[in-house]
Each structure stands twice: as structure tokens, then as C-alpha cells.
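The structure appears right after this line, and notes come after that.
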Amino acid sequence: MIVLGIESSCDETGLALFKYQPNQFGQYGELLAHALHSQINMHVEYGGVVPELASRDHIQRLIPLLEEIQQQSGLSLSQIDVIAYTKGPGLAGALLVGASIANALAMSLNKPVIGVHHLEGHLLSPLLSKTPPTFPFVALLVSGGHTQLMSVAAMGDYVLLGETLDDAAGEAFDKTAKLLDLAYPGGPAVAKLAEHGQSGQFKFPRPMLHSDDLDFSFSGLKTAVLTEVRKLGNNITDQDRANIALAFQEAAVDVLCKKSLRALQKTQTNRLVVAGGVGANRHLREQLNRMALKNEKEVYYPELHLCTDNGAMIAFAGAMRLAAQPEQAKFDYQFDVKPRWHLAEIQITNKAI
Ligand code: KG4
Ligand code: ZN
């Protein structure tokens with residue numbers, strides 16, 4: 001089954017062609033082509049994503065990217081078996097662009113469409129790697145909008161173990177970046193600046209580290225950064241900024257790491273799967289690997305270029321959904337989008353799958 005995946009939920013237009021063909025080695029198939037346009041340069045002067053501009057840009061990018069993946073794969077549109085698009089959560093206008101192109105294209109080709117949950121795309125993206133994890137696993141989902149620990153027993157069988165009570169981890173990186181006068185998106189910028197930081201110069205709180213649950217809170221950490229930046233005022237040096245970036249990253253990563261370990265222990269699971277944009281963070285990966293080694297656990301990541309939003313994860317999640325729930329394939333081409341959409345709403349209750 002060849003699946004076209006279309007991602008347009010925020011500031012990245014991502015398209016991909018995935019050949020879904022599970023084999024006896026636990027691999028799921030082959031990524032035939034993928035293309036991405038990031039709108040970062042367009043939004044940078046506003047310090048964040050401008051929804052209206054994002055939608056307009058998706059309209060302009062989708063067709064050229066579709067042509068690009070056809071060229072890359074040598075496939076024509078008629079060879080596509082099904083079209084998967086991000087139905088939510090995300091920016092309504094941006095989602096509608098992907099949904100309308102997906103449905104119009106599917107209608108013209110007389111092929112089925114399936115609306116995919118963006119977070120399910122992230123959650124399953126590590127399965128696209130050459131040595132994919134097997135179920136069950138604990139997933140740490142760390143993106144710009146979400147920070148969640150989830151117990152994943154099987155495809156579509158998700159139990160929320162804990163989540164952020166305020167800011168998401170990516171959001172905390174982005175807000176810290178703003179305080180340090182770094183450009184949007186803040187995550188990679190903070191990580192880069194932290195490379196020049198000296199450890200131990202600033203000490204930031206590890207919010208909720210010792211709470212008995214698996215929830216997170218990052219707004220206090222951001223406030224601690226704000227307080228230090230204000231204290232230094234105009235006297236802040238480049239070295240101070242690097243030291244703050246480092247201390248912030250250490251605190252955020254420390255909490256993510258320790259809570260992930262606790263989730264593995266509580267659920268008596270050996271595998272941790274990390275997904276979402278913050279999963280690209282090198283320090284987080286180093287610390288999680290260290291934690292895993294020490295505690296005889298395994299950690300799986302998506303390939304680096306599949307950590308942030310992309311079409312491949314949508315094509316793949318669409319394929320996995322259809323394999324589990326073939327009735328999800330739609331031929332009526334009437335679509336809607338779900339800017340707010342809880343993962344719990346797409347729980348597959350039939351555990352036999
Ligand atoms: O998953 P994603 O691409 O989009 C959402 O669905 O939110 O995640 C984007 C988030 C942004 O907050 C970005 O700053 C953060 O991931 N991010 C990083 C890194 N790369 C991206 N945060 C920390 N370190 C990174 N290397
Ligand atoms: Zn995302």
C-alpha cells in the first residue's frame with residue numbers, strides 16, 4: 001500500500017510517500033520520498049507563527065512539493081493507494097489547506113482519504129527507523145504544544161500517564177529563547193547557545209521533580225530565567241546568556257529524564273520512545289541514553305529529520321490506522337478539521353488489534 005502523507009498543521013508543509021509493507025523483522029516498510037518546506041524564515045520577524053500567513057504559504061507550497069516527491073520516487077499520482085492528511089490538532093486555517101488538497105486529490109484519483117491525529121504521527125514516528133521498537137513502550141512526547149508521557153500497549157492503545165500542567169517543553173525553550181534575544185524557533189537556538197555555556201553559573205528549579213505523579217510544569221522554570229535576565233539587566237553579557245541557556249536546558253532535560261525513568265518503572269516497561277521536536281535536542285538524547293544504560297532500559301528516537309513536523313509520520317500513521325481500522329478510509333470526501341483534538345478520542349478500544 002502506497003500512502004501519500006500531507007502535514008500542514010502549523011509552520012511546516014510536509015509531504016511524503018510511504019510504502020507500507022510490514023515484514024517479519026518488525027520493519028514497517030519504506031519511505032519512498034519526502035519533501036518539506038519550513039516557514040521559519042517567514043515567521044521569524046514576528047517572533048512566532050502568524051496563522052494567516054501560515055495558511056497562505058501552505059497553499060503555495062503544497063503542489064510544488066507534491067511534484068517534488070513524485071520526481072524523487074518516480075511514482076505517478078495514479079500509483080498512490082491512499083491519502084493521509086493531518087486533521088488536527090493545529091491551526092484551523094493551516095489544517096484546512098492540507099485537508100482540502102488531500103480530499104480534492106483523492107476525489108480526482110478515486111482513492112480513499114484518512115484524517116490523521118498529528119500527535120499519533122509523532123508518537124509512531126520512531127517506528128519508521130531501521131530498528132523500530134516493538135510494543136509495548138512508554139512514549140515521551142515533547143513538542144511545541146505538548147509534553148506527555150504515555151503508555152502505548154499497541155497501535156491506538158494509549159494511556160496518558162502524565163502531562164504538563166502549564167507550558168510545554170518546546171514552549172519553555174521558545175520562551176527562554178525570546179528572553180535571551182534568540183530568534184524563533186527557540187529550541188535549536190537555546191541548544192546552540194548552551195554549547196558555549198559554563199556549567200554551575202546559574203541554578204534553575206526542577207519543577208515537580210519530586211512530586212509523586214508523572215506530570216510536568218515548565219512555567220516556573222521560565223519565570224526563573226526571566227528573573228535572572230531582569231536581575232542582570234543591561235549588564236548581561238554573551239557569556240551570561242550562554243550560561244543561562246545551559247542551566248535552563250540542564251533543568252528541563254533533568255526533569256524530562258527523571259520523569260521518563262519513573263514512568264518506565266511505574267509501568268514496568270523497558271522501552272522508552274521519544275517523539276516531537278524537543279526530541280531532537282542533543283543534551284536530552286545524551287541524558288536519556290545515560291539513564292537507559294544505567295537502568296537497563298532502551299530508548300528509541302525518530303531519525304533526526306523526522307523529529308519535527310513532517311509528512312512521513314502522517315503517511316505512516318495513516319497506514320497504521322488503516323491497517324488497524326480499515327473502516328476509517330473515507331470515500332465521501334466531506335472533510336472537517338479538529339484544531340483541538342485529544343489523543344484519547346482516537347483510542348481503539350478493541351484491544352485484540
Ligand atoms: O514537534 P514540533 O516540530 O512541532 C509541534 O508539533 O509543536 O516541535 C517544535 C518544538 C519547538 O518548540 C522547538 O523549539 C522545539 O520543538 N525544538 C527543540 C529542538 N528542535 C526543535 N527544542 C530543543 N532542542 C532542539 N534541538
Ligand atoms: Zn508536531
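One-based numbering along the sequence shown. Just so you know, ligand 1 is whichever comes first in the structure, and atom 1 is the first atom listed for that ligand. Quantities reported herein were computed from a predicted structural model and do not represent experimental measurements.
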query = Is G144 close to ligand 1, meaning an N/O of one under 3.5 Å from an N/O of the other?
reply = yes
message = Quick check: N281 and ligand 1, any N/O pair under 3.5 Å apart?
response = yes
query = If every non-hydrogen atom of A94 is compared with every non-hydrogen atom of S8, which pair is closest and at what distance?
reply = O-OG, 2.8 Å
request  = Could you label the plane-to-plane angle of the Y20 and Y28 rings as parallel, tilted or perpendicular, counting under 30° as parallel and over 60° as perpendicular?
outcome  = parallel
query = What atoms of ligand 1 come closer than 4.0 angstrom to any heavy atom of T308?
reply = 3 (O)
Shortest-distance N/O/S atom, D309 versus the Zn ion (ligand 2) = OD1
key: atom 20 (N) of ligand 1 [closest protein heavy-atom partner, distance rounded to 0.1 Å]   = G277 O, 3.4 Å
key: Structural part of D174 in contact with ligand 1, heavy atom criterion under 4.0 angstrom   = side chain
remark   = Nearest heavy-atom approach of R285 to P302 is NH2-O, 3.2 Å
ask   = Is G170 in polar range of ligand 1, meaning some N or O pair under 3.5 Å apart?
value = yes
ask   = Do any N/O atoms on G187 end up under 3.5 angstrom from N/O atoms on ligand 1?
value = yes
query = Under 6.0 Å from the six-membered ring centre of Y300 and within 45° of its axis: does the NZ or CZ of R271 meet both?
reply = no
note = heavy-atom search around atom 2 (P) of ligand 1 in the protein gives D309 OD1, 3.5 Å
query = Any idea which part of R282 is under 4.0 Å from ligand 1, heavy-atom wise: side chain, backbone, both or neither?
reply = neither
Distance, nearest 0.5 Å, that separates OH of Y184 from CD of E45 = 13.0 Å
message = Geometry only, no angles: is G276 polar-contacting ligand 1 at N/O separations under 3.5 Å?
response = no
inquiry  = Check for me, please, whether M1 and M320 land in the same ILVMFWY cluster - side-chain distances under 4.5 Å, paths through other members count.
reply    = yes
query = Any heavy atom of H118 sitting closer than 4.0 Å to ligand 1?
reply = yes
query = Of all the atoms in ligand 1, which lie at a distance below 4.0 Å from a heavy atom belonging to H122?
reply = 1 (O), 6 (O)
request  = Take the angle between the ring planes of F331 and Y333 and call it parallel below 30°, perpendicular above 60°, tilted in between.
outcome  = perpendicular
inquiry  = If I take the Zn ion (ligand 2) as the centre, what angle separates the NE2 atom of H122 from the NE2 atom of H118? Nearest 10 degrees is fine.
reply    = 90°
ask   = Ion pair present between E286 and R290, side-chain N to carboxylate O less than 4.0 angstrom?
value = no
query = When R241 is tested against each of V229, L179, L232, D181 for side-chain contact (heavy atoms from CB on, under 4.5 Å), which residue passes?
reply = D181
query = If you look at every heavy atom in L306 and A312, which pair is closest and at what distance?
reply = CD2-CB, 3.9 Å
ask   = Any idea which atoms of ligand 1 are less than 4.0 Å away from a heavy-atom of G145?
value = 7 (O)
